[in-house]
> 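First the structure, then my questions, so here it is.
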There are 4 protein chains.
Amino acid sequence: MKGSVRDQIVDAASRLFYEQGYNATGINQIIAEAGVAKASLYQHFPSKEDLLAEYLSNESERAMTKLHQEVSNHDTVQKKIAAVFDTLGRSIRQPGFRGCHFLNIVSEIPIDNTRIRNIIQKQKNEVRQLFKTILKEVKKTELADEFYLLFEAALIAAKVHRAEWTIKTAKSMAAKLL
Amino acid sequence: MKGSVRDQIVDAASRLFYEQGYNATGINQIIAEAGVAKASLYQHFPSKEDLLAEYLSNESERAMTKLHQEVSNHDTVQKKIAAVFDTLGRSIRQPGFRGCHFLNIVSEIPIDNTRIRNIIQKQKNEVRQLFKTILKEVKKTELADEFYLLFEAALIAAKVHRAEWTIKTAKSMAAKLL
Amino acid sequence: MKGSVRDQIVDAASRLFYEQGYNATGINQIIAEAGVAKASLYQHFPSKEDLLAEYLSNESERAMTKLHQEVSNHDTVQKKIAAVFDTLGRSIRQPGFRGCHFLNIVSEIPIDNTRIRNIIQKQKNEVRQLFKTILKEVKKTELADEFYLLFEAALIAAKVHRAEWTIKTAKSMAAKLL
Amino acid sequence: MKGSVRDQIVDAASRLFYEQGYNATGINQIIAEAGVAKASLYQHFPSKEDLLAEYLSNESERAMTKLHQEVSNHDTVQKKIAAVFDTLGRSIRQPGFRGCHFLNIVSEIPIDNTRIRNIIQKQKNEVRQLFKTILKEVKKTELADEFYLLFEAALIAAKVHRAEWTIKTAKSMAAKLL
DNA sequence: AATGAATGAGTTTTCATTCAT
DNA sequence: TATGAATGAAAACTCATTCAT
């Protein structure tokens, strides 16, 4: 029923990193919830940071897959853009919402941690690219970064205020600008 | 020359909380850099969190004072709005820029820490109110939250990408929407 | 009855370092036998190595005091030299003898640990100096390093063979050479 | 080109034990440098201590072979004795010199580890025997242990002081005593 | 003969906080 | 008001060894 030891570790760590934050989550808690030995964790991940990198990479892929999928369900640019913000809205409404996986971490790592920052930037750039791809159809790729900023704004403000209006406002701004 | 013990503590803690993050900054480092005894810190601040609250409150007042001041230097709504983003731009260009003091902390505290979250929300609501006040002149207060979102977007994206274009884009979006 | 916390720590650590070796002695064992909290140890000694340095310095002073004292009990050079080796002999006969405090450690530290090596070399140079001082009376200071070598030989060989003949032989060699 | 798995393990372990010490060398480092799997190591050596025993035995044979060879190159007792110390001198001058393989280990093992201590004592007794054999020619076997002590002294003092004078002094003492 | 995965017990060090003076 | 000393709990990580394949 349970996955491999490695999967157990990644699952527990990912859940805890998101729920409690990276620094607030100790190795002991991860192995306790994963039900594995401490040395087993270190067999698979040389350091806690490697586990963080794995979590972020997985989450990034999951998020982009979801976004591309949702976008592909629509045929007009307007609807595609709306779909992005609607996806955000659904995330936020989930009971366990704790903000953006990536923005959360960015404030927990030291400035000079380029390894983790690179993973986060890569993810964010993929979102920018998604908007660019959508907007190419109507030759408005110059709006991509504007929409990307609305995307970030909606996410971070939703976290700060624990409120949903941020998504709605960002979505309507995007519609206006298009 | 040096301020009171309390001031020394607040100064050291504030600097370190911003430079390294809240969790990454230990009590020992604070008292070492402040040059005071450990028990002296606890005399003034019952817990590390109280020190955090003090830091955030101070920073909030400082930031709002600055913003109001910059805004008051201009006479048209367009210029006032632009002044807000220009202030942001100057902050970001400073060598020690590490992102928004408040957004940084929001990802470091547990979700149920309402005390700290309240301070942060209060600060952010004051920014929303500032935009509302500015926009009242031209009877467009409904744009306040839109501009506030651009404000947040510019800040968080500047941190993520360590780039300045985020401010410029947000500023031009605000101009468009006005 | 018991000394201060610091003394308890130093006493326990010194005993264990000598009985079991430095690497084989864990912080946990030290605090358990000292009956203090772990953080109390680190209050007084920033690292395990600092505790080692303290142990070696104390032991060095103790050893040199003892040697000077024993030597001063005699009036001829022959008797003074003999007294050095007799002191060694008494040490070796003690039930808890585990070899020379300093030679034991020299094989446990990495080559590039100059801090600890310096303490050890200083101690050994004081022994060389002691012989030189004794020999000055009879204008044979050139024998100092020869006697020092016999001193080391007696100590290390006593450890290797768990035998006392090494002292007797070294002592008689010194007598011959004088 | 590379030897058998067993040889790879012994080579890596021997090098690391000498360079870093026994306790400071972990199983993981050994298998990493040997390029073998962990279980392969335990296939050949039931425990880390068995690997240590192998290392010491090999080293002992190598050392005695070398000494006998060097001694046999000379025809007088004086020259044979000198050859022993000259061999020592050449060892010490080698860039990777870290002291005597056997004296290094003797301070790293617990007192009650008779197995390892026996290997070391056996090696040292062979040196004593070598001196005895050399001295038999001139019927001065009673000097064997004296020369052996000089041998040990030269080695341990060379390690402590990272200096060569110890060998020269020991050699000249031997000459005097002969 | 060889291996990658798994482990329990251990390592040194740091945390925020309290207490006696 | 100010402090140095003391602490329990937790941090990240490593140890030598074993097991299933």
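Naming convention: chains lettered A, B, ... in sequence-line order (proteins, then strands); numbering from 1 in each chain.
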> Under 4.0 Å from OP1 or OP2 of F/dT14: is there any side-chain N or O of D/N28 that close?
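No, because none of the side-chain N or O atoms of D/N28 sits under 4.0 Å from OP1 or OP2 of F/dT14.
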> Before you tell me yes or no, could you show the steps for B/I111 and A/R98 under side-chain contact (heavy atoms from CB on, under 4.5 Å), namely the whole-Å CA-CA distance, both residues' side-chain angles and the distance that decides it to 0.1 Å?
CA-CA 8 Å; B/I111 358 94; A/R98 295 282 187 277; 3.2 Å; yes
> Round to the nearest Å and state the distance from A/L52 atom CG to F/dC13 atom P.
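These atoms are roughly 12 Å apart.
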> Quick check: on DNA chain F, is the nucleotide nearest D/K48 upstream (toward 5') of the one nearest B/R6, or the reverse? Name the residue that is more 5'.
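Its nearest nucleotide lies further toward 5', so the answer is B/R6.
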> Atom CZ of A/F45 and atom C1' of E/dA6: how far apart are they, to the nearest Å?
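About 15 Å, once rounded to whole Å.
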> When you check the phosphate oxygens OP1 and OP2 of E/dA5, does a side-chain N or O of A/S40 lie under 4.0 Å from one of them?
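Negative; the distance criterion is not met.
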> Answer yes or no: is there a side-chain heavy-atom contact under 4.5 Å between B/R117 and A/R162?
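Heavy-atom side-chain distance check passes, below 4.5 Å.
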> Could you please name the partner base of E/dA1, counting Watson-Crick and G-U wobble pairs only when both distances are under 3.5 Å?
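Its partner: none found.
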> Under 4.0 Å between a side-chain N or O of A/Y42 and OP1 or OP2 of F/dT14?
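Answer is no, no contact under 4.0 Å.
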> Between C/E49 and D/L41, which residue's closest nucleotide on DNA chain E lies nearer the 5′ terminus?
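Whichever sits nearer the 5' end wins; that is D/L41.
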> Applying a 4.0 Å non-hydrogen cut-off, can you work out what A/I27 is touching in the nucleic acid: base, sugar-phosphate, or nothing?
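It contacts sugar-phosphate atoms only.
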> Between A/H44 and A/V10, does a side-chain contact (heavy atoms from CB on, under 4.5 Å) hold up when you go through it step by step?
CA-CA 10 Å; A/H44 293 282; A/V10 173; over 6 Å; no
> Could you tell me the separation between the CG atom of A/L51 and the P atom of F/dA11, rounded to a whole number of Å?
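Distance, rounded to whole Å: 14 Å.
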> Nearest whole angstrom, please: distance from the P of F/dA6 to the CD1 of C/I31.
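In whole Å, F/dA6 P lies 14 Å from C/I31 CD1.
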> Side-chain N or O of B/H44 versus OP1/OP2 of F/dT1: is the shortest distance under 4.0 Å?
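No, because none of the side-chain N or O atoms of B/H44 sits under 4.0 Å from OP1 or OP2 of F/dT1.
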> Determine the interplanar angle of the C/F17 and C/Y55 rings, folded into 0 to 90°, and report it as parallel if under 30°, tilted if 30 to 60°, perpendicular if over 60°.
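Correct class here is perpendicular.
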> Take the protein atom CD of A/Q43 and the nucleotide atom P of F/dC19, then report the distance between them rounded to whole Å.
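So the two atoms are 16 Å apart, to the nearest Å.
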> Round to a whole Å and report the spacing from CD of C/Q8 to P of F/dA5.
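About 16 Å, once rounded to whole Å.
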> Can a donor-acceptor pair under 3.5 Å be found between the side-chain atoms of C/K38 and the base atoms of F/dT7?
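Check fails, no donor-acceptor contact within cut-off.
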> Which base sits across from F/dG8 as a Watson-Crick or G-U pair, both distances under 3.5 Å?
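Paired with F/dG8, as far as the under-3.5 Å criterion goes, is E/dC15.
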> Return the value, rounded to whole Å, for the distance between atom CD1 of A/I9 and atom P of F/dC13.
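Value for this atom pair: 14 Å.
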> Of D/A39 and A/Q29, whose nearest nucleotide on DNA chain F comes first from the 5' end?
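It is A/Q29 whose nearest nucleotide is closer to the 5' end.
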> Could you check which nucleotide pairs with E/dT21 in any of the strands shown, counting Watson-Crick or G-U wobble with both distances under 3.5 Å?
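Matched E/dT21 with F/dA2 under the 3.5 Å cut-off.
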> Should D/C100 and D/I156 count as side-chain neighbours, where that means a heavy-atom distance under 4.5 Å?
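D/C100 vs D/I156: side chains apart.
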